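Every heavy atom of this structure was used, including side-chain atoms; hydrogens, water molecules and symmetry mates were not. Note that this is a predicted model, so its numbers are computed, not measured.
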Amino acid sequence: MSGGLLFDPATIRALAEILRDTELTEIELVDKESRIRLARQLPAPVIAPAAALPPMAWAPAPAAPGAAPIGVPPAAQVPDDEHPGLVTSPMVGVAYLSPEPGQAAYVSLGARVEQGQTVLLIEAMKTFNQIKAPRAGTVTRILIESGAPVEYGAPLLIIE
Amino acid sequence: MSGGLLFDPATIRALAEILRDTELTEIELVDKESRIRLARQLPAPVIAPAAALPPMAWAPAPAAPGAAPIGVPPAAQVPDDEHPGLVTSPMVGVAYLSPEPGQAAYVSLGARVEQGQTVLLIEAMKTFNQIKAPRAGTVTRILIESGAPVEYGAPLLIIE
Amino acid sequence: MPLRKVLIANRGEIALRIHRACQEMGIATVAVHSTVDATAMHVRLADESVCIGPPPARDSYLNMAAILSAAAITGADAIHPGYGFLSENADFAEMVEAHQLTFIGPTPGHIRMMGDKIAAKDAMRRLGVPLVPGSLGALATFEEARIVAQEVMYPVLIKAAAGGGGRGMKVARAESELEDAWRLARAEAKAAFGNDEVYLEKYLDRPRHIELQVLADTHGNVVHFGERDCSLQRRHQKLLEEAGSPVLGQADRDALGAQVTRALRELGYRNAGTLEFLWQDGQFAFIEMNTRLQVEHPVTEMVCGIDLVKEQLRVAAGEPLGYDQSDVRFHGHAIECRITAEDPQSFAPSPGRVGTYHAPGGLGVRVDSALYSGYVVPPHYDSLIAKLVVHGGTRAEAIARLRRSLAEMVVDGIATTLPLHRAIVEDAEFQAGDYTIHWLERFVAGRQGG
Amino acid sequence: MPLRKVLIANRGEIALRIHRACQEMGIATVAVHSTVDATAMHVRLADESVCIGPPPARDSYLNMAAILSAAAITGADAIHPGYGFLSENADFAEMVEAHQLTFIGPTPGHIRMMGDKIAAKDAMRRLGVPLVPGSLGALATFEEARIVAQEVMYPVLIKAAAGGGGRGMKVARAESELEDAWRLARAEAKAAFGNDEVYLEKYLDRPRHIELQVLADTHGNVVHFGERDCSLQRRHQKLLEEAGSPVLGQADRDALGAQVTRALRELGYRNAGTLEFLWQDGQFAFIEMNTRLQVEHPVTEMVCGIDLVKEQLRVAAGEPLGYDQSDVRFHGHAIECRITAEDPQSFAPSPGRVGTYHAPGGLGVRVDSALYSGYVVPPHYDSLIAKLVVHGGTRAEAIARLRRSLAEMVVDGIATTLPLHRAIVEDAEFQAGDYTIHWLERFVAGRQGG
């Protein structure tokens, strides 16, 4: 194979060394004709269950009634959290999907939005703050209900 | 390799560095012909140093003056500890190499001993207890001085 | 003669407890340990340590010759036996004194006297301490048992003279049950203790276990530090203790204390001791005396503001108490939870490696424990791994503090009784202080059923 | 009106401290936190939590709108500000009250008064509290400074009216140095605070820092809980505090306490507060009043047997104290060590991941800390990670207990000031209580040199 990628023991040893030195857990090289993948598990942690989670064993703080996104520990949050199109709350307050009760929502699922377009309101300290779309795109998820309390960083919408 | 993407150790190490510095867990580069992917798990174990060692950081207890083998934590003991020919103390007491002060030692370095032959005395509770060779062989190390206090399991001699 | 170096003939939290008192008094410590305890906390912190034998207690912590040799080679001038192991072994105390060492505890004679349950009761009866009504010593014949039972009234209990731990102990609720109880108790006593002597006493059906902490110096001064309520027991193992008892007031405390300190002064007792009583309907009945420090001594320390182990050390060095009963004041309320390495439902032992150990903190919280993260609880010894002790201005505050500290405490990797304690503090009867020595068995059974 | 749910507008050990008090009183808690504190102890233990902003304090813990919004969406009825952050911000207290929430602290007016050093001194002078001799308020001219300096006698100190943290503060040891000091202090004051007003007072060259803890209800009752000696400071940061002061007796305490409580009763003060004094040659001189809970409040709790945070909560709910000065008793001695994530020689901050955290235990030891094994100390906030507090029957016992608990405490993975505290307790001058506010700087310099 071109360049002798496959199976060259010296290459594999070299890659393995890199893997170890750099504390990587996986290296994968692929070209047209071949693929090489090295992986290792980290030395087993002493406290196995603590490996992925904070070590304390307390139960997560229960959320307040009617305050769904409040008090949920980060570990329990949905993977939507890391979605590149995620719009999060820039403040603590109460989120509203429409300008006033009974009126139409700013956006609905599947709607096309322009950059800078108001997508919802957050009321904080009796002030209504317009939350604007950071980019143009399609609203693929609405993660809150109108009137829900939101904390800083709370996931609001996904615009793709 | 075409474009030099694949397998250039310097590139991989540089990527690994980026991965570490930025606390990413994965980097994937793809071009027309090839793909390179690096991944790592976050340094997971909460109490990493506890894996091999007891975690406490206290200094070892200082030995009493004139009581050399007493109070030495096991970790600090010589590798002789694990020698297959090691003879250890079956009791706490004071070890003597000769039957009485001024008399010749039971055994000397390099001496040949028979199984069951007395090799030293341990005084405990005003009683002198004969310590006998557990096997025949040659005395290759004497690990105590006459009159030294010894704890249970303390290394006394090596007979090979 | 002040103590310079104390050998601590114990392990676990109590060895650490004694080490801390010594260290704060400028007294050097010698830890003794079995091979499996080489990295235990009491060994790590001691000034010196001596390995005295392999893991089984009989070859190490009960090995008197090894312990005395360890004292000799380290030049210790006193031995503190802690609780359990050799702490109530009169022969050991005698050997310690024969080697010109100070035994931090009572005289061998008093240990021996109180180790014999009948002799102990005889002594206390003579000294005017209230007892459970019953036979004056061992019963010679069944007929004698029948007569005494009629006198004290049914239900009655037949107990092995050499007994302990509930063995050789039978209840007869009416005369028709007496002969069976008599026969079975004697058979069990013979099998368990090689001695079929039995005695009889009135059976108290809903007693509390209340004990009184005393301390005597070698100059004839005796004080008490009030009572502990240790009624929460399962199979005669105490699980949670309080000071004071929810059912006693200062007048009850003063009255019992006056009787007991007078008796011990007459006896010439020295050092710390605890008199255990059953209490029912306002009456105390002496059951036994422990001639040593107790596991649950911290609750007394918390309400009296004293350090009992330091007092033991001072008294053992010949110092006079330096205060009298009127100087002993009681503040607030204290509760101790014994956290053991046991399954909280089945009580199956759960030795092994502790993952994370996190002690609760803050005001009014004390933890006595030799645990640390990564410590391996060995299978050879008692399962007690930590004592969580809280103090509050009132019993209600102590319970609230206990609840929040139990919620903060983490012992990962092994099963512990923490969940059981968390359930107990939520129970309304416990909160009301409304329990007897039978309460916990039922509570545990209810949890197992539910 | 009893409090049902308290929002704790703070982080770290003090947020945990307040949470514990609330929980023991059956009051629900709301933790607020920055994104970096999502796994912090105060968040983990609180009944509810709200993320209020990104790591910088100005965007989270100092973000009044976010905190009030968090109170609104969680339905909290009161806010405890802890210490630092918004605790002495009168505008915040005002906003809290404007939102019909209870501010757990003094009135905005008193916070504002005591926040202005000159106004605070004017008030205390009027109320008969002793001050450092000096100018009555800001100096209009240099000539005025010269006259006052002659009156109070050199050495004198010129200080920024708006000052704090040692900035805008210059010593003149003789009249020849006065003009330089005047010019430099004004320039620094202008640069640091945008206000070049300065005042002058007698410079005390070897004072102790002694402060008095007070508590007032909303019914006109004021008590004090004695003094704390906080002389061990480095760059105006307290490192170790004691209650009581090694140089005061009960008569001194009573005399100062009577002056201060009378003054605060007249002022109509409410909730907790601390008056800070310099003390030299038997004379107290008021320097400032902190209108909040102090970091070092636990030493007071240990000697008085009270829970200051619970008292704050009770008083904020409108309850009367329920006791008077004669009910406040002092028992033994307490010492607090502030353990910070700093290099013990250079004091360079040392944030990062804690490996093993092991708190010392046993009798008379209290640890207030939000640390846990594996916790990452963020670089954005104060470096205080733990307060080790010990109590003993005497100062000597407290020091012995401190020594042994410092030896037991483990915080791996980051640099901490534990080694410095271990060195301090071994020092003969510290042991003798023989120190001023300059002692620690010299002690630290000696260690750095050596």
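D:Arg403 and C:Glu24 are not joined by a salt bridge, as no carboxylate oxygen comes within less than 4.0 angstrom of a charged side-chain nitrogen.
A 4.5 Å side-chain heavy-atom check between D:His19 and C:Arg404 finds every atom pair outside the cut-off. Proximity of C:Arg20 to D:Glu408: side-chain heavy atoms (C-beta onward) are separated by under 4.5 Å at one or more points. With contacts defined as side-chain heavy-atom distances shorter than 4.5 Å, the pair C:His331/D:His331 qualifies. Residues C:Asp307 and D:Arg401 are in side-chain contact: their nearest non-hydrogen atoms beyond the backbone lie under 4.5 Å apart.
If you measure heavy-atom distances from D:Ile306 to chain C, the contacts under 4.5 Å come from the backbone alone. Residue contact with chain C, scored on non-hydrogen atoms closer than 4.5 Å, involves the side chain of D:Met302 exclusively.
Heavy-atom pairs under 4.5 Å with chain C peak, among D:Leu16, D:Val367, D:Val365, at D:Val367. Highest contact tally toward chain D, considering only C:Arg17, C:Lys310, C:Met25, C:Glu13, is held by C:Lys310 [criterion: heavy-atom pairs under 4.5 Å].
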**OP:** List the steps, then state whether side chain to side chain contact (heavy atoms under 4.5 Å, CB included) holds for C:Arg366 with D:Leu363.
**Re:** CA-CA 6 Å; C:Arg366 164 180 175 184; D:Leu363 178 58; 3.3 Å; yes
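Aromatic ring pairs are classed by plane angle as parallel below 30°, tilted from 30° to 60° and perpendicular above 60°; the pair D:Tyr357 and C:His358 is tilted.
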